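Report on the following structure.
Values reported hereafter were calculated over all heavy atoms of this structure, with side chains retained and with hydrogens, waters and symmetry mates removed. No experiment lies behind these values; they were computed from the predicted model shown.
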Amino acid sequence: MQVAVVTFDGFNELDSFIASSLINRCRKDGLEAFITTPTPVVTSMNGVEVTGQRPMEFVTEAEVVLIGSGVKARDVVADDRLISRLTLDPSRQLIGSQCSGALVLARLGLLNAMPACTDMKSRPYLEACDVTVLDTPFHSVGNIATAGGCLASQYLAAWVITRMLGQDAVRDVIDYVAPVGENRQTVERAMRAVRAGEVALH
């Protein structure tokens with residue numbers, strides 16, 4: 001089970017690395033995340049250069065695709081050639097976005113009429129796409145999920161792990177990375193956020 005963490009130039013380190021790191025704690029169970037980039041090397045919003053682990057075309061074979069955010073998100077959605085490389089299929093893939101990554105989902109037509117989560121700076125741009133923005137950190141409908149706020153990336157990762165491996169797996173992961181002395185509260189908060197944000201398809 002492979003996860004593509006799509007990471008563009010100007011990316012937010014918290015968004016890509018938290019989700020990737022949490023998911024990769026499940027490698028022993030067969031779930032693995034890869035930083036997936038449109039160019040061999042991308043530079044973060046703070047000047048950190050990262051070599052991609054997989055090329056953009058990897059998104060077509062991954063079981064899960066998470067679209068990270070960054071300061072160049074509006075440039076990404078305006079780039080037809082780059083967008084055309086994101087061939088996603090919500091009927092067979094879990095697809096999630098972090099903060100301004102929701103703009104990419106909107107550009108791909110994946111949000112349809114569903115509301116979404118994003119960060120405060122991206123909110124007006126997402127609303128300009130006729131998307132209702134929620135004042136919550138996480139929301140999912142079927143195989144599509146959105147998260148808002150950098151630290152909500154843990155909820156996006158928790159959603160992926162829950163859907164792929166179950167609740168016991170995500171409890172183990174969040175418990176391990178939780179601040180010492182706050183394990184139970186951190187696990188419960190993550191589980192509650194995912195449950196509260198989930199909308200079942202009928």
Side-chain angles (χ1 to χ4, degrees), residues 1-7 11-37 50 52-54 58-69 86 88-99 101-102 104-105 110-111 114 116-119 134 136-180 182-201:
M1 298 174 287
Q2 301 183 113
V3 181
V5 181
V6 178
T7 303
F11 72 95
N12 183 317
E13 300 94 334
L14 291 173
D15 295 346
S16 288
F17 293 156
I18 289 176
S20 178
S21 179
L22 292 179
I23 292 167
N24 277 330
R25 291 185 180 277
C26 299
R27 276 200 193 102
K28 67 182 187 304
D29 298 313
L31 182 63
E32 189 168 11
F34 300 91
I35 299 296
T36 302
T37 57
V50 172
Q53 296 172 291
R54 294 289 186 275
F58 175 64
V59 299
T60 61
E61 62 184 88
E63 284 80 10
V64 182
V65 179
L66 302 181
I67 309 293
S69 75
L86 287 166
L88 308 182
D89 182 359
S91 71
R92 65 174 184 83
Q93 294 174 305
L94 296 184
I95 300 169
S97 68
Q98 178 65 43
C99 292
V104 176
L105 296 194
L110 293 172
L111 295 180
M114 71 176 279
C117 302
T118 192
D119 62 283
L134 302 172
T136 55
F138 178 82
H139 181 71
S140 68
V141 177
N143 287 346
I144 305 289
T146 57
C150 298
L151 296 181
S153 52
Q154 65 181 300
Y155 303 149
L156 195 59
W159 174 72
V160 170
I161 297 168
T162 300
R163 289 289 301 271
M164 302 300 281
L165 298 173
Q167 292 191 0
D168 288 345
V170 76
R171 286 181 186 277
D172 289 345
V173 169
I174 300 298
D175 181 74
Y176 187 88
V177 301
V180 172
E182 298 180 3
N183 300 70
R184 182 177 57 81
Q185 301 97 308
T186 305
V187 170
E188 289 178 355
R189 185 185 308 113
M191 301 298 290
R192 188 167 58 246
V194 172
R195 281 196 305 268
E198 223 162 17
V199 176
L201 287 181

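Take Thr146 and apply the side-chain hydrogen bond (donor to acceptor under 3.5 Å, both in side chains) test, not counting sequence neighbours, and it matches no residue. Residues passing the side-chain hydrogen bond (donor to acceptor under 3.5 Å, both in side chains) test with Ser16, sequence neighbours excluded: Thr7. Listed by chain and number, the residues in a salt bridge (charged side-chain N to carboxylate O under 4.0 Å, His left out) with Glu188 are Arg184 (sequence neighbours excluded). With sequence neighbours excluded, the residues forming a side chain to side chain contact (heavy atoms under 4.5 Å, CB included) with Leu86 are Val6, Phe8, Met56, Val59, Ile67, Ile83, Val104, Leu108, listed by chain and number. Annotation: salt bridge (charged side-chain N to carboxylate O under 4.0 Å, His left out) contacts of Asp175 (sequence neighbours excluded): none. Every ring pair (Phe, Tyr, Trp, His ring centres under 6.0 Å) that Phe11 has, sequence neighbours left out, goes to Phe17.
In terms of heavy-atom proximity, Leu111 sits nearest to Ala102 at CD1-O, 3.8 Å. Across every non-hydrogen atom of Asn12 and Cys150, the tightest pair is ND2-SG, 3.2 Å. What you find for Val141 and Met114 is that their closest heavy atoms are CG2-CE, 3.8 Å. Phe138 approaches Ala193 most closely through the heavy-atom pair CD2-O, 3.7 Å. Nearest approach of Cys117 to Pro137, heavy atoms of both residues: SG-C, 3.9 Å.
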Side-chain donor-acceptor pairs of residues 26-36 under 3.5 Å, sequence neighbours excluded:
from	atom 1	to	atom 2	distance (Å)
Arg27	NE	Glu32	OE2	3.0
Thr36	OG1	Phe34	O	3.0

Atom pairs and distances, side-chain donor-acceptor, residues 156-174, under 3.5 Å, sequence neighbours left out:
from	atom 1	to	atom 2	distance (Å)
Thr162	OG1	Ala158	O	2.7
Arg163	NH1	Gly142	O	2.9
Arg163	NH2	Asn143	OD1	2.6

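Although no hydrogens or angles enter the test, the distance criterion places a donor-acceptor pair under 3.5 Å between the side chain of Gln98 and the main chain of Gly149. Within the 3.5 Å criterion, the main-chain N or O of Gly148 finds no donor-acceptor partner in the side chain of Thr118. Distance alone, capped at 3.5 Å, places no donor-acceptor pair between the Gln2 side chain and the Glu63 backbone. Not a single donor-acceptor pair under 3.5 Å links the side chain of Glu61 to the backbone N or O of Phe58.
A heavy-atom distance below 4.5 Å is found between the side chains of Leu88 and Gln93. Side-chain contact between Thr37 and Val50 is absent, with no heavy-atom pair separated by less than 4.5 Å.
The line from CD1 of Ile95 to CG of Asp89 is 7.0 Å long, rounded to the nearest 0.5 Å. To the nearest 0.5 Å, atom CZ of residue Arg195 and atom OH of residue Tyr155 are 12.0 Å apart.
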Could you go through the side-chain contact (heavy atoms from CB on, under 4.5 Å) check for Leu66 and Ile23 one step at a time? CA-CA 11 Å; Leu66 302 181; Ile23 292 167; 3.9 Å; yes
